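Notes for the one structure printed next.
Residue numbers start from 1 in every chain, and the chains themselves are labelled A, B, ... in the order their sequence lines are given, proteins ahead of strands. Since this is a predicted model, take the numbers as computed values, not measurements.
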Amino acid sequence: MLDIKFVRDNPDLVKAGAVKKRLPDRVAVVDRVLALDVELRALLPRIESMRAEQRQAGKAMGRLAAEERECHLAAQKRLKEELQQLEDQEKDLRARLEREALLLPNVPAPEVPEGKDDTENQEVRRVGAVPAFGFTPRAHYEVGERQGWLDFERAANLAGSRNYFLFGELAWLHDAVLRFAADHMSGKGFTLVDPPLLVRDLAMVGTAFFPGGEEQAYRCEKDELNLIGTAEVPVTSIHQGEILDEADLPKRYVGRSACFRREAGTYGKDTRGLYRVHQFHKVEQVIVDVADPEVSRRHHEEIVRNAEEVLQAFELPYRVVAVCGGDLGVPQIFKYDIECWMPSRNHYGETHSASRFHDFQARRLNLRYRRKADGKVAFCHTLNNTVIASPRILIALLEIHQQADGTVRLPKALVPYMRGKEVLGRPL
RNA sequence: GGAGAGGUGGCAGAGCGGCUGAAUGCAGCGGUCUUGAAAACCGCCGUGCCGAGAGGCACCGGGGGUUCGAAUCCCCCCCUCUCCGCCA
């Protein structure tokens, strides 16, 4: 949610932001919001003065003798009816304004690159060499199926496409990377959180997945709950409605959860393997802090580094990209993606996404803090980034570390998490 | 799932149709005192919206309703607690 005052003062900036994000239909939203805002503010003074009159008269009434009341009552009743009508108008205006305002996209930072989609994201840096194999490398699903670790066919039979069974050592590896990631973040002072996986609309709207993302979420209509697509949703919402003490900031959380995504509209895309699946697990870092763009920027760099450290520990080549306007979501101001090299795609594939929101989510969540300097209340800034998402990361691990004989070498960092094992699978 | 009790400012906790945006305590801020700190004492101290300002309006879990007037009465929902039932 944008500050309505900001929209009033900078309509062109907001529109330009929507254009940069390639959301042409949202440009018109700015004008609609402004028009409703004008209408509402024209109405308010009338309502307020009527209410003031009503209140004064009401107070006087209390002091009046019973027989004096009669003549005042008639006037009061008339006023009441008139007021009622205006209040209905006000309520309707506010509802429409709210509905439109939720559609306004956050304004992208000036340093967000221009571009229409992910092909125009700007590479920031590459780390680690793309390996040269002395043999023809196999795709992860081949490596996995040959070892009996993966089964997509049986999973599809009972759960539909984009589902998977992980067996044996691969299931353990899945566990190991998540555990490693949680440990890594815990060591940096992030508090581990095991959040609710089913949440009310409040949290979905608050983190700005709704409105707009309804088609991507599984919904339990009976209970009006939604399965989360990422721990960002419940973890960023932890302090929803609260006024935090500045002394308690920043809040650093590392959420660990299953994630569910319908992947509607992706038919025919990434259909093989573990890349795009309905259900996965993720360890996610979330920071809530004071409303200071400079502080947010520092946190952003910090959470990207945290993720990079994990990838370096996993000995995976990757690159960091600055996401361009057209690939940026509605709520973000700036976003880095981290992509790991995936031989089967012969390209880097997205494994991490680090977002900076400023107070966009906090406004929707009514997430505030009291400033030490002046005792005033302000909306927080929020950020989040993946630490590790599995099984997607298993693609890179299996493909990069596969050996000619069909086994998979474990990076040293993961060995302790696999009970000392250094190689997975048997030679084939 | 059934029966009861309750949700009030950062926290605790009064109020239960008009004089209550809300007593009181704690915390916070400013001051007096002190070499300094503590204690004591004095003052200030909710949030949002509109307005250049004076000021006005809204908000006592959320939404409806009754009433000239609702934190206070009624209905629905959400949450917390207690008892019963069921259950990993």
| task | I would like to know whether A/His381 and A/Phe357 meet ring-ring contact (aromatic ring centres under 6.0 Å, His included); could you show each step before the answer? | result | CA-CA 7 Å; A/His381 278 195; A/Phe357 302 95; over 10 Å; no

| message | Give the dot-bracket line for RNA chain B from 5' end to 3' end: parentheses for intra-strand Watson-Crick or G-U pairs under 3.5 Å, square brackets for crossings, | for inter-strand pairing, dots for unpaired. | response | ((((((((.[[[..)..(.....]]].(((((.......))))).(((((....))))).[[[[[..)....]]]]])))))))....

Strictly below 4.0 Å, N to O, side chains only: are [X] and [Y] in salt-bridge contact?
X	Y	result
A/Glu242	A/Lys251	no
A/Asp183	A/Arg179	yes
A/Arg298	A/Asp289	no
A/Glu263	A/Lys269	no

| message | Each nucleotide in nucleotides 70-81 of chain B should get exactly one letter: B, S or -. Can you fill that in based on protein heavy atoms under 4.0 Å? | response | --------SS--

| query | Along nucleotides 53-59 of chain B, 5' to 3', which nucleotides get a B, which get an S, and which get a -, given that the test is a protein heavy-atom distance under 4.0 Å? | reply | ---BSS-

Rounding to an integer number of angstrom, what distance separates [N] and [M] when you compare their [atom1] atoms?
N	M	atom1	answer
B/rG36	B/rG43	C1'	24 Å
B/rC42	B/rC33	P	16 Å
B/rG6	B/rC16	P	14 Å
B/rG31	B/rC49	C1'	34 Å
B/rC59	B/rG21	P	11 Å
B/rG25	B/rG9	C1'	13 Å
B/rU72	B/rU66	P	15 Å
B/rU8	B/rC79	C1'	15 Å

Whole-Å distance between [N] [atom2] and [X] [atom1]?
X	N	atom1	atom2	value
A/Tyr369	B/rG28	OH	C1'	17 Å
A/Asp3	B/rC49	CG	P	8 Å
A/Leu44	B/rG51	CG	P	9 Å
A/Leu202	B/rG61	CG	C1'	13 Å
A/Lys77	B/rU66	NZ	P	12 Å
A/Leu249	B/rG10	CG	C1'	14 Å
A/Gln54	B/rC68	CD	P	10 Å
A/Ile243	B/rC11	CD1	C1'	12 Å

Heavy-atom side-chain contact between [X] and [Y] under 4.5 Å:
X	Y	answer
A/Thr230	A/Arg261	yes
A/Tyr141	A/Leu274	no
A/Phe379	A/Asn366	yes

| message | I'd like to know whether A/Glu246 forms a salt bridge (charged side-chain N to carboxylate O under 4.0 Å, His left out) with A/Arg371, so could you lay out the CA-CA distance, the side-chain angles of the two residues, the decisive distance to 0.1 Å, and finally the verdict. | response | CA-CA 6 Å; A/Glu246 183 172 340; A/Arg371 275 198 301 238; over 6 Å; no

| query | Closer to the 5' end of RNA chain B via nearest nucleotide, is it A/Val377 or A/Arg8? | reply | A/Val377

| query | Relative to the 5' end of RNA chain B, which residue comes earlier, A/Gln84 or A/Ala378, by the nucleotide with the nearest heavy atom? | reply | A/Ala378

| request: May I ask you to decide if A/Cys324's main-chain N or O and A/Asn121's side chain share a donor-acceptor pair within less than 3.5 Å? | output: yes

| field | N/O donor-acceptor pair under 3.5 Å between A/Lys21 side chain and A/Gly329 backbone | value | yes

| query | Reckon A/Arg371 touches a base, only the sugar-phosphate, or nothing at all at heavy-atom distances under 4.0 Å? | reply | nothing

| said: Under 4.0 Å, counting only non-hydrogen atoms across every strand here, what does A/Lys80 touch: a base, just sugar-phosphate, or nothing? | reply: base

side-chain N/O [X] vs [N] OP1/OP2, d < 4.0 Å:
X	N	result
A/Arg370	B/rG46	no
A/Arg368	B/rG46	no
A/Lys91	B/rG64	yes

| Test salt bridge (charged side-chain N to carboxylate O under 4.0 Å, His left out) applied to A/Asp270 and A/Arg276, A/Arg162, A/Arg392, the passing residue | A/Arg276

| task | Over 60° means perpendicular and under 30° means parallel, so classify the ring planes of A/Phe167 and A/Phe165, tilted if in between. | result | parallel

